[in-house]
Amino acid sequence: MKNSHARGHAPGVLGRTLVGVAALALSTAPVVIAQGGTASAETTSPGTPRAPRVVFAEDFENGQGATPVLVTGYTGAAPVRQTYTADPAWLADCNGWIVSQQAPAAVPPATGCGGWWPTVKQLAGSLGKWAGGDPATNHAVTAFSHADPGPGRTQLETVTPVGVGAAKRFLTFSVDAAEVNCYANHARFGFHLLDGTRAVPAFSTPIEPCADSGTVVNGISVGTYTSDSPVLFDGSTVGLRLVNLQGSGYGNDAAFDNVRILDVTPRLDVGFDPASAEVGRDSTLTFTVTNTDELAAKNGWTFTENLPAGLTVTGAAPVTDCADATVTAPPDGGRVTVTGSLPKGKASCAATVKVTAAKAGTYTVCADDLGGVAGIDPPECAGVTFVPPVLAFDAHAHGGRLTTPLLTVSPLAPSDVTCTVGPAGDDATLAAATLPALGSLGVVTTGASGTVDANGLRAATATARTARVSLLGGLVTADEIVTTAKAEDDASGNVTTAGAVRLTDLRVNGRPIADPEIGLKIDIPLVATVVINERIPTAGGAGIAVNAVHIRTLAGADVVIGHARASLTVPGWPCPAV
């Protein structure tokens with residue numbers, strides 16, 4: 001680890017507030033955190049770092065006054081009420097005392113500090129001034145070694161493990177430290193995170209306040225030091241051990257305060273673009289991994305997103321700018337696994353995959369859908385809506401039409417909705433009609449429409465109603481003929497068609513026809529051929545045309561009574577025709 005110091009007052013104030021009232025408000029962001037608890041984080045946009053969560057903080061102020069106390073006799077604030085141990089070498093020879101400038105002017109004999117006592121008190125005061133507090137009342141753990149303690153001895157270790165909230169979190173430490181007599185041997189602090197009995201180093205280069213100070217206060221080097229090499233911590237509870245790698249008592253005169261364990265786990269955000277797409281088209285699912293605002297390196301995080309049923313990955317290759325990244329997203333699969341790192345100084349990185357759905361609906365991904373999570377804060381929910389495809393309506397109806405070698409009668413009372421994307425409707429009424437040399441019709445009413453329901457499903461419908469039909473000198477008669485054609489899509493964009501013919505007292509050459517089969521053919525000898533309930537597929541199967549009665553005479557006349565056709569087609573395709 002390359003130790004870094006941050007010059008400013010927020011860290012010390014933060015630590016004292018935490019232990020004093022068991023809650024704190026970060027000065028740089030509106031976050032409220034309880035000691036040992038979980039942060040109630042502010043809402044920030046993907047890619048914008050938030051402050052770390054304080055897992056544990058100690059400012060050595062609980063119940064302290066003017067009387068110096070050995071660190072092993074101190075108890076921290078509720079609710080943790082932390083206690084501490086240290087190696088004997090750091091509890092003797094003017095080491096291990098919690099001191100402030102309120103302490104008596106005369107050196108307490110038990111401290112073993114002799115003539116160094118005023119400087120010991122100044123160490124605590126300088127740390128208070130650095131942190132923006134009151135130098136006169138600030139307490140710190142001091143050490144003014146005048147015997148060799150030996151290298152790698154523990155200066156401070158927590159007794160009670162502190163809850164992290166979950167396993168597999170990125171943890172680090174922060175501490176305020178001060179040192180004097182920098183011409184001699186320097187203190188060399190190293191922090192370990194404790195996972196049960198296992199000590200995990202949270203540093204690679206020890207902290208040396210003399211060598212890397214934030215400023216000098218009254219001849220004392222001070223600074224705030226935060227590890228830039230966080231640990232992906234396995235356990236769900238954590239302890240802390242501070243060792244001093246300097247074994248000499250010549251120099252090695254330092255103090256520390258405002259010890260914190262920080263959760264610096266990056267957070268995951270998910271989002272879809274576009275948030276609404278047609279069935280079968282793509283939306284881009286973006287996973288954004290955002291660092292905490294100290295921007296330390298976070299190596300080896302991973303997660304698996306289990307997509308909701310019906311949402312699948314397309315064949316497009318995933319894209320990522322995360323370091324050391326692997327994105328596993330099999331085509332047509334419902335699972336995306338991402339592993340990677342955030343280098344030091346990088347605020348965020350992202351991985352994207354293309355997804356699609358074969359059925360309309362809203363598909364939502366949430367924290368509960370994640371698996372195999374390590375070193376990642378779960379996301380808020382995000383959703384994408386796939387809607388049925390926008391198909392063009394085409395619907396037509398008429399009561400009758402006549403074509404002969406010498407004469408054509410245009411469709412009677414036509415209603416038309418022609419290749420339109422938006423909902424539409426048309427209707428018509430004709431009181432009566434005569435078909436030259438063939439017969440007559442009574443009232444004709446027709447309608448054509450294109451509609452979209454609340455779920456986005458589309459329907460094209462055409463209806464023709466023809467009354468009092470009398471043709472071929474009475475060989476074909478009916479009180480009423482009603483013809484319907486309909487085309488509608490489903491949530492997957494598939495189009496189905498249906499037709500119907502309803503006959504009231506239809507007779508052909510004296511034969512009553514009530515419920516005819518599709519395409520019923522009747523010959524009238526020496527006169528005509530009649531087809532009842534004629535169906536014709538249109539638009540490549542996306543439409544249907546229905547003729548209730550279709551007459552072809554031996555003289556060459558072609559008559560249709562009760563025509564309806566409807567289809568749903570892709571916009572831009574040629575309009576269907578029959």
Side-chain angles (χ1 to χ4, degrees), residues 1 3 5 58 60 67-74 84-101 103-127 130 138-158 173 175-192 199 201 203-214 216-223 225 240-259:
M1 167 193 81
N3 290 305
H5 63 265
E58 179 63 81
F60 305 105
T67 303
V69 176
L70 268 178
V71 71
T72 51
Y74 171 80
Y84 301 92
T85 63
D87 280 337
W90 286 110
L91 298 173
D93 302 318
C94 198
N95 294 323
W97 290 95
I98 299 176
V99 175
S100 76
Q101 289 186 345
V107 56
T111 63
C113 291
W116 302 296
W117 184 241
T119 306
V120 170
K121 295 198 297 181
Q122 276 192 341
L123 286 169
S126 297
L127 283 169
W130 163 258
N138 185 68
H139 290 78
V141 180
T142 61
F144 215 87
S145 306
H146 53 87
D148 292 343
R153 301 290 181 87
T154 298
Q155 274 196 259
L156 183 78
E157 182 170 325
T158 55
F173 69 87
V175 67
D176 294 350
E179 189 169 12
V180 71
N181 297 329
C182 291
Y183 61 85
N185 292 319
H186 298 170
R188 301 174 70 235
F189 295 133
F191 279 85
H192 296 76
F203 70 98
S204 58
T205 301
I207 297 168
E208 295 186 49
C210 277
D212 191 19
S213 65
V216 177
V217 178
N218 298 324
I220 297 173
S221 296
V222 295
Y225 304 88
L240 185 69
R241 177 183 296 163
L242 168 62
V243 300
N244 191 333
L245 302 179
Q246 178 60 259
S248 174
Y250 177 64
N252 203 8
D253 302 322
F256 56 85
D257 193 6
N258 297 318
V259 177

Run the side chain to side chain contact (heavy atoms under 4.5 Å, CB included) check on N181 and W116 step by step: do they pass? CA-CA 11 Å; N181 297 329; W116 302 296; 5.9 Å; no
Would F256 and L127 count as a side chain to side chain contact (heavy atoms under 4.5 Å, CB included) if you check the C-alpha gap in whole Å, the side-chain angles of each, and the deciding distance to 0.1 Å? CA-CA 8 Å; F256 56 85; L127 283 169; 5.6 Å; no
Assess the residue pair F189 and Q246 against the criterion (side chain to side chain contact (heavy atoms under 4.5 Å, CB included)); give the C-alpha distance rounded to whole Å, side-chain angles, the decisive distance to 0.1 Å, and a yes or no. CA-CA 8 Å; F189 295 133; Q246 178 60 259; over 6 Å; no
Side chain to side chain contact (heavy atoms under 4.5 Å, CB included) evaluation trace for F191 with L240: CA-CA 7 Å; F191 279 85; L240 185 69; 3.5 Å; yes
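Note that CG of N258 and NE2 of H139 are 13.0 Å apart. Values are rounded to the nearest 0.5 Å. In this structure, R188 CZ and T205 OG1 are separated by 9.0 Å, a value rounded to the nearest 0.5 Å. Going from atom CG of L123 over to atom CD of E179 covers 9.0 Å, rounded to the nearest 0.5 Å. To the nearest 0.5 Å, atoms CH2 (W90) and OG1 (T154) are separated by 11.0 Å. A distance of 6.0 Å separates CG of L156 from CG of L242, quoted to the nearest 0.5 Å. For the atom pair CG (D253) and NE2 (H146), the distance works out to 9.5 Å, reported to the nearest 0.5 Å.
The side-chain contact (heavy atoms from CB on, under 4.5 Å) check on V107 picks up T111, C113, W117, with sequence neighbours excluded. Legend: residues meeting side chain to side chain donor-acceptor pair (under 3.5 Å) with Q155, ordered by chain and number and at least two apart, are N244. Residues passing the side-chain contact (heavy atoms from CB on, under 4.5 Å) test with Q122, sequence neighbours excluded: Q101, I220. With sequence neighbours left out, T85 forms a side-chain contact (heavy atoms from CB on, under 4.5 Å) with E157, V159. Partners of L70 according to the side-chain contact (heavy atoms from CB on, under 4.5 Å) rule, which considers only residues two or more places apart in sequence or in another chain, are T72, L91, W97. Annotation: side chain to side chain donor-acceptor pair (under 3.5 Å) contacts of D87 (sequence neighbours excluded): none. With sequence neighbours left out, D93 forms a side chain to side chain donor-acceptor pair (under 3.5 Å) with no residue at all. Checked against side chain to side chain donor-acceptor pair (under 3.5 Å), S126 has no partners two or more places apart in sequence or in another chain.
For the residue pair V243 and H192, the shortest heavy atom distance occurs at CG2-CE1, 3.7 Å. Nearest heavy-atom pair, P209 versus S221, reported as atom, atom and distance to 0.1 Å: O-CB, 3.5 Å. Annotation for S248 and N185: closest pair OG-ND2, 3.0 Å, computed over non-hydrogen atoms. Nearest heavy-atom pair across P149 and A89 is O-CB, 3.6 Å. The shortest non-hydrogen separation linking C210 to V180 is SG-O, 4.4 Å. Here the closest non-hydrogen pair linking A124 and S100 is CB-CA, 4.1 Å.
Checking side-chain atoms of N252 against main-chain N and O of F144 turns up no donor-acceptor pair under 3.5 Å.
Ring geometry for Y84 against Y74 counts as parallel: the plane angle stays under 30°, on a 0 to 90° scale with 60° as the upper cut.
The side-chain heavy atoms of I207 and V175, taken from C-beta on, include a pair separated by under 4.5 Å.
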